[in-house]
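Shown next, in structure tokens, is the structure this report addresses.
Just so it is clear: chains get the letters A, B, ... in the order the sequence lines come, proteins before strands, and each one is counted from 1.
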Amino acid sequence: MVRSVNAVNNDDTANGGVTDAEWAHARLGAWWEANARDLPWRFGRATPWGVLVSEVMSQQTQMSRVVPYWTDWMRMWPDAAALAGASTAEVITAWGRLGYPRRALRLQECARVVADRWHDDLPRGYDDLIALPGIGDYTASAVMSFAYGERIAVIDTNIRRVLSRLFLGVESRGGSASPAERDLANRALPRDARRSVTWNQSVMELGAVVCTAKTPLCDACPVRDRCAFLAAGRPGLGERRTRPRQRFAGTDRQVRGLVLDALRGLPDGETSLPRAQLEALWADRVQLDKCVASLDDDGLIEMLPDGAVRLPR
DNA sequence: ATCCGGTACA
DNA sequence: TGTACTGGAT
């Protein structure tokens, strides 16, 4: 019998019936104080816009890789108005090898909306945030919590995995968050706004560095004593996600990355990549042309009449 | 070789 | 509801 089941009580218990929630709040709070990584956008050192930029960059990349990009980026474009005024070519170049460059484009679109419609002042409401380009539920919630200190459940895969293991004793499934998972996240959230922010951050951090998907470091876990997943013998640890397998070699993703990388690496003074150099990047002409067309569709490159390509101005 | 994830959109 | 989108870590 798993001890910390997600039992809903009829009486008004402190956390909607999530057994041990308060104990976990205290444990993870202490763990956070001692173990939080000193990332430059944490501990009130970044503006709300800076927090948003860090969240967008972190959506797809480990924090440690994000740090130098974020630092350079914020030095170059400290606020939304500055980013709004940059050329798209500069933005794509600065995005460098962070991956998913369409997000750089969306971040700049977001900056333009914030600069124009919000007078360069990032909106403070979830509904207004989620309406911005490239901002979905996770990022809107993260900004509400981490930048504005509001009490709101932040739900990403790390948090889903940790809460599911700790309180339910099972692995969270792939795909989008279920209503039950959202419900659990809301019931486990501390009542107090300030503590809810720490909770969101510490659960996410725990998932990133201790309660990892494949090989969790349970010996080093601050909540191991009451973890339902550990008590149950870690059933289905690291089991196959419902997400399809993602390979990279030979895919359109690789080809697109190659083309953008060549454009970013153009020598000073050169602004376009001639057709011959483009063709030298990839042997399969059909796939190459398909990828060039899709990059053009996405607004990541422009095709010139002579077959050369360049970053948008 | 295999792992990873939020957003937009079909 | 499922899929495309990248590139570094392991």
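Out of dG7(C), dA9(C), dT6(C), the shortest distance to the side chain of Arg264(A) is found at dG7(C). With dT6(C), dA9(C), dA8(B) as the candidates, the nucleotide lying closest to the side chain of Arg106(A) is dA8(B). Of the listed nucleotides (dT6(C), dG8(C), dT7(B)), dT6(C) has the atom at the smallest distance from the side chain of Pro101(A). Nearest nucleotide to the side chain of Leu300(A), out of dT7(B), dT6(C), dC4(B): dT6(C).
At a threshold of 4.0 angstrom between heavy atoms, the contacts of Leu260(A) with the nucleic acid are absent. Using a 4.0 Å heavy-atom criterion, one finds that Asp156(A) contacts the sugar-phosphate atoms exclusively. Nucleic acid contact for Ser176(A): none, since no nucleic acid atom lies under 4.0 Å from a heavy atom of the residue. Among the heavy atoms of the strands, none lies under 4.0 Å from Gln254(A).
With sequence neighbours left out, Trp70(A) forms a ring pair (Phe, Tyr, Trp, His ring centres under 6.0 Å) with Trp41(A).
With P as the reference atom, dT6(C) and dC9(B) are 14 Å apart, rounded to whole Å.
Remark: P of dG7(C) and CZ of Arg65(A) are 9 Å apart, rounded to the nearest angstrom. Residue Gln59(A) contributes atom CD, which lies 15 Å from atom C1' of dA4(C) at whole-angstrom precision. In this structure, the CE atom of Met57(A) is 16 Å from the C1' atom of dG8(C), given to the nearest Å. Separating the CD atom of Gln108(A) from the P atom of dT7(B) is a distance of 20 Å, rounded to the nearest angstrom. Counting to the nearest Å, the C1' atom of dT7(B) and the CD1 atom of Ile155(A) are 16 Å from each other. Distance Arg102(A) CZ to dA8(B) C1': 8 Å, rounded to the nearest Å.
Taking the nucleotide of DNA chain B with the nearest heavy atom to each of Ile130(A) and Gln60(A), the more 5' of the two is matched to Gln60(A).
Checking the phosphate oxygens (OP1, OP2) of dG7(C), no side-chain nitrogen or oxygen of Thr61(A) falls inside 4.0 Å. At the phosphate of dT6(C), OP1 or OP2 sits under 4.0 Å from a side-chain N or O atom of Arg256(A). OP1 or OP2 of dA9(C) has not a single side-chain nitrogen or oxygen of Arg97(A) nearer than 4.0 Å.
The CG atom of Leu129(A) sits 8.5 Å away from the CH2 atom of Trp118(A) when rounded to the nearest 0.5 Å. Atom CG in Asn186(A) sits 7.0 Å away from atom CZ in Arg151(A) (nearest 0.5 Å). With rounding to the nearest 0.5 angstrom, the CH2 atom of Trp31(A) is 12.5 Å from the OG1 atom of Thr198(A).
Using a cutoff of 4.0 Å between basic side-chain nitrogens and carboxylate oxygens, Arg187(A) and Asp183(A) are scored as salt-bridged.
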